[in-house]
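All values below come from the heavy atoms of this structure, side chains included, with hydrogens, waters and symmetry mates left out. All figures in this text were calculated on a predicted structure; none of them were measured in a lab.
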Amino acid sequence: MDGKMKVALLQQDIVWGCPAQNVSRAEEAMMRVQHADLYVLPEMFSTGFSIEPVGVAERDGFSLQWMKAIAAKLDAAIAGSVAVEVGGGFRNRFYFVKPDGEVIYYDKRHLFSYAGEHLQYTAGEQRVVVPFRGVRFLLQVCYDLRFPVWARNREDYDCILYVANWPLTRILAWRTLLAARAIENQCYVCGVNRVGKDAACHYSGGTMLVHPYGNPLATAKDDQEDCVMGEIDLDFLSTFRQKFPVLKDRDIL
């Protein structure tokens, strides 16, 4: 690599409970925007966000197998979360699948108790950073965005990936907090949200790649499916951190 990485952010309208249809539509969108190093999908991209995982959560790995196949086909990494049934319980699992078939995952730490997610799913306990083609990615899911201590940069990552089903009623918080996480952690931030409606919410999108200064580098159109491409520049990031060493003064908790 030349110190730069191309990232494609897919803002989708998810068809409720229809994995085959959703992955097919995602694949079509990816094929229209090829030559990215990483493609990022929303939270529970294959089913829509479900508080009741029985009958929705996957046992057979259908979505994961598709992610492996499309990652190999595009020679790129694919990232997105899936509701899974494991060990007699349920997890909101964020997969990062590399083109060689390696799978790394993060289980959502902060379950959305306001809607009862914590009653059905088991929270993850481990913070996960994934290295890929020279860039280090911190994996986070939706409600995690509200908890900055969990995402504090320990000088161990370059970009945060947030995947979400974040409703229109709280979209200002989404946009504000994405910028805040980029600024306070001196990193790039990818925030990928869905559009459309389910039985509970209206989703307007707000998908964006945020620069370490807090400025949007690439922004999807509101209220419609879109795929936007942005670039992570590691040379810039290294120079910025050296000249303005905020992370060296961080609180150690």
- Message: Hydrophobic clustering (ILVMFWY, side-chain heavy atoms < 4.5 Å, transitive) - are I51 and F112 grouped together?
- Response: no
- Item | Steps toward salt bridge (Lys or Arg N to Asp or Glu O under 4.0 Å) verdict (K6, E231) | CA-CA 5 Å; K6 292 182 178 178; E231 189 171 76; 5.7 Å; no
- Item | Verify same cluster id: F45, V84 (apolar side-chain graph, 4.5 Å) | yes
- Item | Contacts of type ring pair (Phe, Tyr, Trp, His ring centres under 6.0 Å), residue F96, not counting sequence neighbours | F132, F137
- Task: Flag the pair I70 / Q65 as yes when at least one side-chain heavy-atom distance between them is below 4.5 Å, and no otherwise.
- Result: no
- Query: Does R109 make a cation-pi contact with W150 (under 6.0 Å, within 45 degrees of the axis)?
  - Reply: yes
- Query: With distance as the sole test, does T176 use its side chain to make a donor-acceptor pair with the main-chain N or O of L172 at under 3.5 Å?
  - Reply: yes
- Is a donor on one side and an acceptor on the other found under 3.5 Å between the side chain of W166 and the backbone of C142? no
- From CA spacing to verdict: side chain to side chain donor-acceptor pair (under 3.5 Å), R152, N185: CA-CA 6 Å; R152 178 65 66 240; N185 292 300; 3.3 Å; yes
- Message: If you compare all heavy atoms of P53 against all heavy atoms of Y121, which two are closest, and at what distance to 0.1 Å?
- Response: CB-OH, 3.4 Å
- If you draw a 6.0 Å radius around CZ in F62, do more than 12 non-hydrogen atoms from other residues or ligands fall strictly inside? yes
- Message: Please give me the minimum heavy-atom distance between Q186 and P212, naming the atom from each residue.
- Response: C-CB, 4.2 Å
- Check: D223 main-chain N/O paired with S204 side-chain donor or acceptor under 3.5 Å: no
- Task: Please step through side-chain contact (heavy atoms from CB on, under 4.5 Å) for the pair R93 and V86, ending with a clear verdict.
- Result: CA-CA 10 Å; R93 181 159 288 179; V86 289; 3.9 Å; yes
- Taking side chain as C-beta onward, heavy atoms only, is V210 less than 4.5 Å from L217? no
- Message: Quick check for you: to the nearest 0.5 Å, what is the distance between Y188 atom OH and L237 atom CG?
- Response: 6.0 Å
- Sidechain-backbone polar pair: E58 side chain, S63 backbone, donor-acceptor under 3.5 Å: yes
- Item | Test item: L145 and R181 side chains (from C-beta on) under 4.5 Å apart, heavy atoms | yes
- Can any side-chain N or O of D37 pair as donor or acceptor with the backbone N or O of M5 at less than 3.5 Å? no
- K73 side, atom NZ; M30 side, atom CE - distance, nearest 0.5 Å: 11.0 Å
- Task: Classify the side-chain pair Y106/D144 by whether it contains a donor and acceptor separated by less than 3.5 Å.
- Result: yes
- Item | Side-chain donor or acceptor of R250 paired with backbone N/O of L247 under 3.5 Å | yes
- Query: For the side chain of T239 and the backbone of D235, is there at least one donor-acceptor N/O pair under 3.5 Å apart?
  - Reply: yes
- Note on the structure: From the list L38, V163, L178, L209, side chain to side chain contact (heavy atoms under 4.5 Å, CB included) partner of C190 resolves to L209
- Nearest atoms (heavy-atom pairs only) where I232 meets C159: CD1-SG, 3.9 Å
- Value for CH2 (W16) from CG (N22), rounded to nearest 0.5 Å, stands at 10.5 Å
- Roughly how far, to the nearest 0.5 Å, is CD of E117 from CG of L111? 4.5 Å
- Query: Between Y39 and A76, what is the shortest heavy-atom contact and its length?
  - Reply: CE1-CB, 3.7 Å
- Is there a path of hydrophobic side-chain contacts, each under 4.5 Å between heavy atoms of I, L, V, M, F, W or Y residues, that connects V128 with V141? yes
- Message: Let's go through T219 and T207 carefully: what are the C-alpha distance in whole Å and the side-chain angles of both, what is the deciding distance for side-chain contact (heavy atoms from CB on, under 4.5 Å) to 0.1 Å, and is it a yes or a no?
- Response: CA-CA 6 Å; T219 305; T207 294; over 6 Å; no
- Indicate, with yes or no, if L41 and M31 share a hydrophobic cluster defined by side-chain heavy-atom contacts under 4.5 Å among Ile, Leu, Val, Met, Phe, Trp and Tyr. yes
- Item | Donor-acceptor contact present, side-chain E85 to main-chain A57, <3.5 Å | no
- Verdict with supporting geometry, I160 and C187, side-chain contact (heavy atoms from CB on, under 4.5 Å): CA-CA 7 Å; I160 310 176; C187 69; 3.8 Å; yes
- Check: F49 and I14 side chains under 4.5 Å, non-hydrogen atoms: no
- Task: With rounding to the nearest 0.5 Å, note down the distance linking CG in L177 to CD in E184.
- Result: 9.0 Å
- Message: Apply side chain to side chain donor-acceptor pair (under 3.5 Å) to residues Y203 and D198 and explain how you reach the verdict.
- Response: CA-CA 8 Å; Y203 306 92; D198 59 21; 2.7 Å; yes
- Message: The test is side chain to side chain donor-acceptor pair (under 3.5 Å); show your working for E27 and W66 and say whether it passes.
- Response: CA-CA 9 Å; E27 186 168 340; W66 169 79; 2.9 Å; yes
- Query: Looking only at heavy atoms, what is the nearest atom pair of A79 and F94, with distance?
  - Reply: CB-CE2, 3.6 Å
- Determine whether V192 and E43 make a side-chain contact, defined as any pair of heavy atoms from C-beta on separated by less than 4.5 Å. no
- Side chains of Y95 and I104: does their closest heavy-atom pair fall under 4.5 Å? no
- Item | Derivation and outcome, salt bridge (Lys or Arg N to Asp or Glu O under 4.0 Å), residues R127 and D156 | CA-CA 11 Å; R127 184 175 180 275; D156 60 345; 2.6 Å; yes
- Looking only at non-hydrogen atoms, find the nearest pair between A220 and V228 and report the distance. CA-CG1, 3.7 Å
- Query: Would you find a donor on one side and an acceptor on the other, under 3.5 Å apart, between the side chain of D158 and the backbone of V135?
  - Reply: no
- Give, for atom NE2 of H110 and atom CG of N92, the distance between the pair rounded to the nearest 0.5 Å. 13.5 Å
- Query: With a cut-off of 6.0 Å (strictly less than), are more than 12 heavy atoms of other residues, nucleotides or ligands near OH of Y105?
  - Reply: no
- Query: Same hydrophobic cluster for V189 and L161, using side-chain heavy-atom links shorter than 4.5 Å among ILVMFWY?
  - Reply: no
- How far apart are the C-alpha atoms of V195 and Q12, what are their side-chain angles, what is the distance that settles it, and do they pass the side-chain contact (heavy atoms from CB on, under 4.5 Å) test? CA-CA 6 Å; V195 291; Q12 290 188 280; 5.9 Å; no
- Query: Heavy atoms, side chains only, cut-off 4.5 Å: are V82 and L64 in contact?
  - Reply: no
- Message: For the backbone of A123 and the side chain of R91, can you confirm whether one donor and one acceptor N or O come within less than 3.5 Å of each other?
- Response: yes
- Between N193 and Q11, does any side-chain donor sit less than 3.5 Å from a side-chain acceptor? no
- Message: Counting C-beta onward and ignoring hydrogens, is there a side-chain heavy-atom pair between L139 and V129 closer than 4.5 Å?
- Response: no
- I would like to know whether K248 and E155 meet salt bridge (Lys or Arg N to Asp or Glu O under 4.0 Å); could you show each step before the answer? CA-CA 9 Å; K248 300 293 183 184; E155 299 185 74; 3.1 Å; yes
- Taking only residues two or more places apart in sequence or in another chain, which ones pass ring pair (Phe, Tyr, Trp, His ring centres under 6.0 Å) with F236? H211, Y213, F240
- Note on the structure: From the list R32, R194, R25, salt bridge (charged side-chain N to carboxylate O under 4.0 Å, His left out) partner of E225 resolves to R25
